[in-house]
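In listed order, ligands and their atoms are each counted from 1.
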Amino acid sequence: MLLYLLVLVASASVHAATECIPRQFEYDTIVCVCNATYCDEIGETPWPSTGEYTIITTSKDGLRFNVEYKTPDTVPDPEAVVVRVKHDFTYQTMKGFGGAFTDSTGINIVTLSNATQENLLRAYFSPEGIEYNLCRIPIAGSDFSVRPYSYDDVPEDSELINWALADEDLQYKIPMILRAQELSQNHIMLFGTPWAPPAWMKTSGLVNGTGQGELRKDMYQPYANYIVKFVEAYEAAGVPIWGLTPQNEPLGGFDENWAFNTCGFTAEDMRDWIKFNLGPTLEAAGMRRLALMVCDWNRDLLPWYIIPMMEDPDCEKYIDGTAVHWYEDFTTGPSVLDETQALFPNKFLLYSEGCEGWRPPTGPYLGDWTRAENYARDILENCNHFATGWVDWNMALDPIGGPNWVDNFVDSPIVVNATADEFYKQPTYYVMGHFSKFIQEGAIRVFSSVAGTETPLKSTAFHDPYGPTVIILHNRGDVPLNISVTDESVNYLNFQIPAKAIQTILSP
Ligand SMILES: *[C@@H]1O[C@H](CO)[C@@H](O)[C@H](O)[C@H]1NC(C)=O
Ligand SMILES: *[C@@H]1O[C@H](CO)[C@@H](O)[C@H](O)[C@H]1NC(C)=O
Ligand SMILES: *[C@@H]1O[C@H](CO)[C@@H](O)[C@H](O)[C@H]1NC(C)=O
Ligand SMILES: *[C@@H]1O[C@H](CO)[C@@H](O)[C@H](O)[C@H]1NC(C)=O
Ligand SMILES: *[C@@H]1O[C@H](CO)[C@@H](O)[C@H](O)[C@H]1NC(C)=O
């Protein structure tokens, strides 16, 4: 008994978890309120001690990263839903999880006091937070900026004499990234994405859509130089770049009503730009080390959009992976990911953008479980279809879901209230954390399945590079379920998942 108490005391001090301060708005579950002096933290990863396993639970009824330790059983619970894990069936190696350092993220964070800012960045990056390790950086402006701009808005400056980072980089993006790097114990892998080249490099001369906005052929080389300058400038500022996508949502430039920064590339034009300009220019600058990811749009572009690039060896040699956005995941099934992976087995798949609240009525819903469930379902499904990670969109927005220069408001896992000097951690923040904190870079997905066809339970499982098995379960049903996890060894993990809940199980 004494020994037992000592263990409890020791584990409490190591994990240092702090409780959520709940607040209910008009939706069906709580947000957790953080301010200058208080923020709930899960603490350092609650790895199980010998002979135990860990269950971390977030649920609609109010649990947020609730940590329990249990000992395995030697018999299965005969009534339970069986979750099978097969350690010998291995799939993709994971890269990680994170969000985007948009201008709006930085603009919102600096409206808070220094101490509240610190709590917000800790929530995403510190070992006590959800430990994001894979983040996106818009190259110049996106819609989540307060103005349209590029790094060279002097018309016809094809020598890029006037190229310079913007105030937004110097005031918001770079300082936030440097602070995130200081807080993190991980190497944060950062990838850049342009939304548009300078408007004068486009056939339309406009930053946003007209249906005719492509990269001018005589700008193929200047624009490749422009991208290299971004990498050089960020790295000179202490921000190492890991990867690039050559264009956000590359067919947006052919849409007449595309309100924000865009540039249209047919698959053939993208192939030629990479093959003749971007690829060789990166190579000459010593930047072939950057992971180049094509597509950077929805599932419905797969695999057809990338085929011309992948089938040309002089283009394909520069490409490392395919980046995917989540916005058509509800209309196009995940089999296109399997098909893409099978066609190009040496290229990885990575989810590079997703958010809630983009369909009317737009903007944040404070404390909405359905949106959390959509994140859980989507991330879990994509992990089971070869995605090596999932990168969320804005890390912090204001209560209307901006700022955004074309009023394209959306939701975010953290919503900042500048007036109150506080921020709200949405249920989606915890869902992100159920993956990001526990699936380390280098984790390998392994086979898992849930018995029964009508079950509201989904599973995914990984071998962590530090040893444990990480299992993530999502129960969309209205009733709790008794679970029995088996890997056909002598031990069974028998436990319960609440109704409407996500769990991460850490098992030796
Ligand atoms: C910050 O939150 C804590 C916990 O809810 C509360 O005790 C404290 O009063 C809050 N501080 C401010 C300045 O609101
Ligand atoms: C689920 O397990 C609990 C104990 O953990 C038990 O009381 C309950 O009867 C079980 N429910 C079902 C449906 O088996
Ligand atoms: C907040 O942080 C900034 C940058 O580190 C610093 O210049 C400023 O003095 C700080 N403000 C307060 C009130 O501590
Ligand atoms: C493009 O941006 C301008 C403002 O710079 C705006 O007036 C126009 O409506 C936008 N175009 C579309 C198609 O939304
Ligand atoms: C932000 O804080 C202010 C001041 O406490 C409050 O009046 C307002 O309702 C808050 N906004 C939200 C979205 O909670």
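- A cation-pi arrangement, defined by a distance under 6.0 Å to the six-membered ring centre and an angle within 45 degrees of its axis, is absent between Arg136 and Phe191.
- Between Trp405 and Phe144, a ring centre-to-centre spacing not shorter than 6.0 Å is recorded.
- Per-residue contacts place Glu79 under 4.0 angstrom from the following atoms of ligand 2 (heavy atoms of the residue considered): 14 (O).
- Close approach of ligand 2 to Gln496 is summarised as follows: ligand atoms under 4.0 Å from at least one heavy atom of the residue are 1 (C).
- Within the 4.0 Å cut-off (strictly below), a protein heavy atom is located near atom 14 (O) of ligand 3.
- With no hydrogens or angles considered, a side-chain donor-acceptor pair links Glu356 and Asn374 at under 3.5 Å.
- Of all atoms in ligand 1, listed by their number and element, those nearer than 4.0 Å to a heavy atom of Tyr38 are 2 (O), 3 (C), 4 (C).
- For atom 12 (C) of ligand 3, the closest non-hydrogen atom of the protein is Asn114 ND2, 3.3 Å.
- Ring to ring, Trp163 and Tyr151 are close: their centroids are under 6.0 angstrom apart.
- Near Ile21, with a cut-off below 4.0 Å to any heavy atom, the atoms of ligand 1 are 5 (O).
- Just one residue in the list Lys86, His87, Arg84 forms a side-chain hydrogen bond (donor to acceptor under 3.5 Å, both in side chains) with Glu488, and that residue is Arg84.
- Summary of contacts: the protein heavy atom closest to atom 8 (C) of ligand 1 is Asn35 ND2, 3.7 Å.
- The distance between the ring centers of Tyr124 and Tyr429 falls below 6.0 angstrom.
- When only modelled atom types and interatomic distance are considered, Trp390 and Asp378 share a side-chain donor-acceptor pair under 3.5 Å.
- Listed by atom number, the atoms of ligand 1 under 4.0 Å from Thr37 heavy atoms are 1 (C), 11 (N).
- Checking atom 3 (C) of ligand 3 against the protein gives a heavy-atom contact under 4.0 Å.
- In terms of protein heavy-atom proximity, atom 6 (C) of ligand 2 is closest to Asn482 ND2, 4.2 Å.
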